[in-house]
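Treat the numbers as computed from the prediction; the structure is a model and nothing was measured.
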Amino acid sequence: MTDGRYKYKADGLVCANDFSSLEILLTEVSSGYGSSDSSKVSFDHYKGLFGMLSMMRTIAQTYNKGTIDTFRKLKIHFLHGHGDAIRHWSMSMQTQGVFLMNKEQKAVVPVDFKEKDISMIPFIQFYLTVATGCEETLEVIKQLKKEHKMTVNAATANGNQDSRLNLLSIVNPSIIRLNEGKHMNIVAEEGPMSATAWYNLEDPILLLLLRLIERFTMG
């Protein structure tokens, strides 16, 4: 992607080399271990949010003939280190124009060698869960690529222009490139919050509301 509005420099990235080097995980570390700089934490959190939106948009652009049902299964990941712990966030699209950023898990960084037999197990489990999440993400991208390839090849063989709705026309979030000097004070009071703290993703009323939004926005 060449548009500078959708780019920023993350502290770290994990890319899928077998799928056009698509980015599936980004990392941010807010200051040093034990730091309590809430402004920096909030700023990096929102950088991660817009970074994940950009990553989802790029996947939709790359495999734009994939299906929306498969794309809904996609999760992008964000690891954010601040204070004495690492948080694992994910992002998925619930329906057109509705993206959910959810805190999956948290692990305290073990620094006391004498307590290693207690503190290391949760830390290792944290990263095993992250690895499993990334594997699931790759499986979804693999399916999107398969759908994209089948649709493009079928249209080419028939000599027809494919009429399927372009995935990018559905997955096209508003993305803001944050500037630390300009935006840090603005987001300082709005720290990280997990959506699961205020609603249940399996709530039938919520699911019905999402379907109504989808029907309205997609005509």
Side-chain angles (χ1 to χ4, degrees), residues 1 3-62 73-93 99-111 119-141 173 175-184 186-188 190-197:
M1 185 177 292
D3 194 331
R5 292 175 301 169
Y6 303 128
K7 289 184 177 181
Y8 82 90
K9 293 182 179 180
D11 288 339
L13 287 169
V14 172
C15 300
N17 291 333
D18 293 339
F19 300 98
S20 304
S21 295
L22 290 170
E23 299 162 350
I24 63 171
L25 180 148
L26 63 85
T27 67
E28 289 288 346
V29 179
S30 300
S31 304
Y33 176 83
S35 172
S36 58
D37 186 348
S38 59
S39 296
K40 177 64 172 171
V41 170
S42 293
F43 178 77
D44 286 346
H45 178 75
Y46 284 98
K47 276 180 63 181
L49 183 154
F50 288 114
M52 287 194 289
L53 286 174
S54 180
M55 291 155 71
M56 297 193 78
R57 186 184 188 279
T58 299
I59 293 171
Q61 183 179 45
T62 303
K73 301 174 184 177
L74 180 69
K75 277 188 177 183
I76 297 300
H77 304 275
F78 169 44
L79 299 185
H80 188 187
H82 59 89
D84 64 352
I86 301 175
R87 284 83 174 168
H88 172 202
W89 296 81
S90 69
M91 177 172 285
S92 57
M93 190 181 81
F99 297 86
L100 174 66
M101 184 176 181
N102 183 56
K103 188 165 73 175
E104 300 279 346
Q105 55 176 342
K106 170 186 172 182
V108 174
V109 178
V111 294
S119 58
M120 283 301 298
I121 297 300
F123 194 65
I124 293 171
Q125 185 60 51
F126 174 90
Y127 277 101
L128 287 174
T129 303
V130 172
T132 299
C134 288
E135 288 177 352
E136 293 171 352
T137 297
L138 290 176
E139 286 300 314
V140 175
I141 294 176
I175 301 171
I176 301 172
R177 182 182 179 185
L178 297 179
N179 178 282
E180 191 163 355
K182 183 186 299 184
H183 297 116
M184 180 179 286
I186 296 176
V187 302
E190 302 295 334
M193 293 179 290
S194 173
T196 54

A.B. asks: How long is the straight-line distance from CG of Asp44 back to OG of Ser39, given to the nearest 0.5 Å?
C.D. replies: 11.0 Å

A.B. asks: To the nearest 0.5 Å, tell me how far Thr129 OG1 sits from Gln105 CD.
C.D. replies: 4.5 Å

A.B. asks: What distance do Leu25 atom CG and Ile76 atom CD1 have between them, rounded to the nearest 0.5 Å?
C.D. replies: 8.5 Å

A.B. asks: Search all heavy atoms of Ser35 against all heavy atoms of Ser30 and return the closest pair with its distance.
C.D. replies: CB-O, 4.4 Å

A.B. asks: So, do Leu49 and Met91 sit near enough that their side-chain heavy atoms are less than 4.5 Å apart?
C.D. replies: yes

A.B. asks: Atom CG in Asp84, atom OH in Tyr33: separation rounded to 0.5 Å?
C.D. replies: 4.5 Å

A.B. asks: Over all heavy atoms of both residues, which pair between Ala85 and Lys106 is shortest? Give the atoms and the distance, please.
C.D. replies: CB-CE, 3.7 Å

A.B. asks: Just how far is it from atom CH2 of Trp89 to atom CD of Glu28, taken to the nearest 0.5 Å?
C.D. replies: 14.0 Å

A.B. asks: State, yes or no, whether a side-chain contact exists between Met101 and His45 at a heavy-atom distance under 4.5 Å.
C.D. replies: yes

A.B. asks: Output the distance between atom CZ (Arg87) and atom CZ (Phe126), rounded to the nearest 0.5 Å.
C.D. replies: 9.5 Å

A.B. asks: Given His77, which partner from the list Met52, His88, Glu23 fulfils the side-chain contact (heavy atoms from CB on, under 4.5 Å) test?
C.D. replies: His88

A.B. asks: Considering all heavy atoms of both residues, which atom of Phe99 and which atom of Pro173 are nearest to each other, and what is their separation?
C.D. replies: CE1-CB, 3.6 Å

A.B. asks: For a quick test of reading the model, state the closest non-hydrogen atom pair linking Val41 to His80 and the distance between them.
C.D. replies: O-CE1, 3.3 Å

A.B. asks: Under the criterion side-chain contact (heavy atoms from CB on, under 4.5 Å), which of Thr137, Leu138, Thr62 is the partner of Leu22?
C.D. replies: Thr62

A.B. asks: So Thr27 and Leu13, do their side chains get closer than 4.5 Å, heavy atoms only?
C.D. replies: no

A.B. asks: Search all heavy atoms of Ala10 against all heavy atoms of Leu26 and return the closest pair with its distance.
C.D. replies: CB-CB, 4.4 Å

A.B. asks: Ring pair (Phe, Tyr, Trp, His ring centres under 6.0 Å) with Tyr127: which residues, sequence neighbours excluded?
C.D. replies: Phe123

